[in-house]
Amino acid sequence: TATKALTLNNASVISAADAALPMHVAVALKLQNAGALATLIQRISNPTDSLYGASLTAGQFAATYSPSAAQAQAVAEYLSSNGFTNVQVEANRLFVTADGTARTVETAFNTAITSYTLNGAAVFANSADAQVPASLSGIVLSVLGLNNIATMRPFLVKATGAPAVPDLSRSTYGPQDFQKAYDAGSTATGSRTSIAIFAEGDVSQVVKDLRQFETLYKLPQVPVTVNLTGIASTDTSGADEWDLDSQSSTGIAGSVQRLYFYVSPSLTDSDLAISFNRFVASPVAKAASASFGECEVFAYLDGSMLAAASANTSSSA
């Protein structure tokens, strides 16, 4: 598979991971007719082509370019036969997720899960490439979730001693000021367009902050839908970033039809891959914002770069 062993500098090996260590995996599957899909995307992106601006429904994409139902089922059955539980196939069949342990992961993917100490923290990672049987080699792209090191981080960092909730009453440059700065006063609002924000953890306070922001700047109250893409998390460490993303996007647009939060249980590659895939598989929003990032080397080695590219290709079509 595209999931390679992680070689960690400045890390100390503790031991082989505890066989009972809980692990959640997201197995990414290969697209069908990938070459034809790339050609189609080029054509619908070319203003001089007769297909310019065309699009596919989620059903049309799944029928022609998604892995087949039989392929997804083969992967699901393989995971189940190796002791994984809660095996689920995503609607567009680009991912199969499952819960297991370090032992089931090592057995199913012919790899080794090793425990390390890295920068004072205990972490785990696959110290051998992830493999699948030859019968699945044409189906499986990568296996995400084999480490807890490749983790996205929000760009906004809270200053030491800063309040947990921004004091909006002290703001001096609001959304209407940005509209003036960019000479957008006569531009139509985004009231006919739905947008999305990728987030993590508990966003209940973020929605409350948005309502306070709208009241302060006399903006219409935007309908909000929160889509959990995994188990609920109580983490609020990224709330400042989600505040900034949601308030800036809806405020500067003047209004949007609806704001969708795609909320992951963590910022690991495996959990975020499912958030991205849920967004592209259910085309309810025209645009999305993801304000976090990670070292590209990790995303390449653990296979999430290719998995994300595959999911985003379905959005382009």
Side-chain angles (χ1 to χ4, degrees), residues 1-4 17-32 58-59 61-63 65-113 124-126 128-148 150-151 200 227-233 262-282 302-311 314:
T1 71
T3 300
K4 306 304 179 184
D18 185 340
L21 174 71
M23 297 183 67
H24 178 75
V25 299
V27 181
L29 277 54
K30 297 178 180 179
L31 292 168
Q32 295 193 92
F61 177 87
Y65 303 109
S66 283
S68 69
Q71 289 175 323
Q73 185 61 29
V75 174
E77 290 177 354
Y78 178 72
L79 294 175
S80 295
S81 68
N82 278 275
F84 286 88
T85 59
N86 194 28
V87 179
Q88 298 182 23
V89 178
E90 287 292 294
N92 60 4
R93 303 190 293 274
L94 289 181
F95 290 90
V96 181
T97 60
D99 295 321
T101 64
R103 175 65 55 81
T104 56
V105 165
E106 290 177 332
T107 301
F109 301 113
N110 193 32
T111 187
I113 305 300
F124 65 84
N126 56 304
D129 296 353
Q131 298 180 325
V132 293
S135 60
L136 299 179
S137 63
I139 303 173
V140 174
L141 177 65
S142 58
V143 184
L144 310 185
L146 303 194
N147 75 83
N148 62 350
T151 303
E200 173 269 343
N227 292 324
L228 297 181
T229 61
I231 60 175
S233 167
Y262 285 85
V263 184
S264 171
S266 79
L267 290 174
T268 59
D269 286 345
S270 54
D271 283 338
L272 285 174
I274 300 303
S275 284
F276 294 141
N277 192 57
R278 295 279 174 87
F279 165 71
V280 300
S282 178
D302 75 0
S304 63
M305 185 179 291
L306 285 177
S310 180
S314 70

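Numbers for residues simply follow the sequence, beginning at 1.
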Gap separating the OG1 atom of T229 from the CD1 atom of I274, nearest 0.5 angstrom: 8.0 Å
If you round to the nearest 0.5 Å, how far is CZ of F61 from CG of L31? 5.0 Å
Smallest separation among heavy atoms of A307 and A28, with atom names: CB-CB, 3.7 Å
Any T3 side-chain heavy atom under 4.5 Å of S304 side chain: no
Quick one: are N82 and T104 in side-chain contact, heavy atoms under 4.5 Å? no
Non-hydrogen side-chain atoms of T1 and F109 separated by less than 4.5 Å: no
Under the rule for side-chain hydrogen bond (donor to acceptor under 3.5 Å, both in side chains), what residues qualify as partners of E90, not counting sequence neighbours? R278
Show me the pairs that pass side chain to side chain donor-acceptor pair (under 3.5 Å) and involve residues 133-145, at least two apart or across chains. none
Can you tell me how far apart CD1 (I231) and NE2 (H24) are? Round to the nearest 0.5 Å. 8.5 Å
Of all the heavy-atom pairs spanning A108 and F84, show the shortest one and how long it is. CB-CE1, 3.7 Å
Here the gap from L146 atom CG to T268 atom OG1, rounded to the nearest 0.5 Å, amounts to 11.0 Å
Minimum side-chain heavy-atom gap S275-V263 below 4.5 Å: no
As an exercise, state the distance from CE of M23 to CD of E106, rounded to the nearest 0.5 Å. 8.5 Å
Can S66 and N92 be counted as having a side-chain donor-acceptor contact under 3.5 angstrom? no
Does the side chain of L94 reach to within under 4.5 Å of the side chain of L29, using non-hydrogen atoms? no
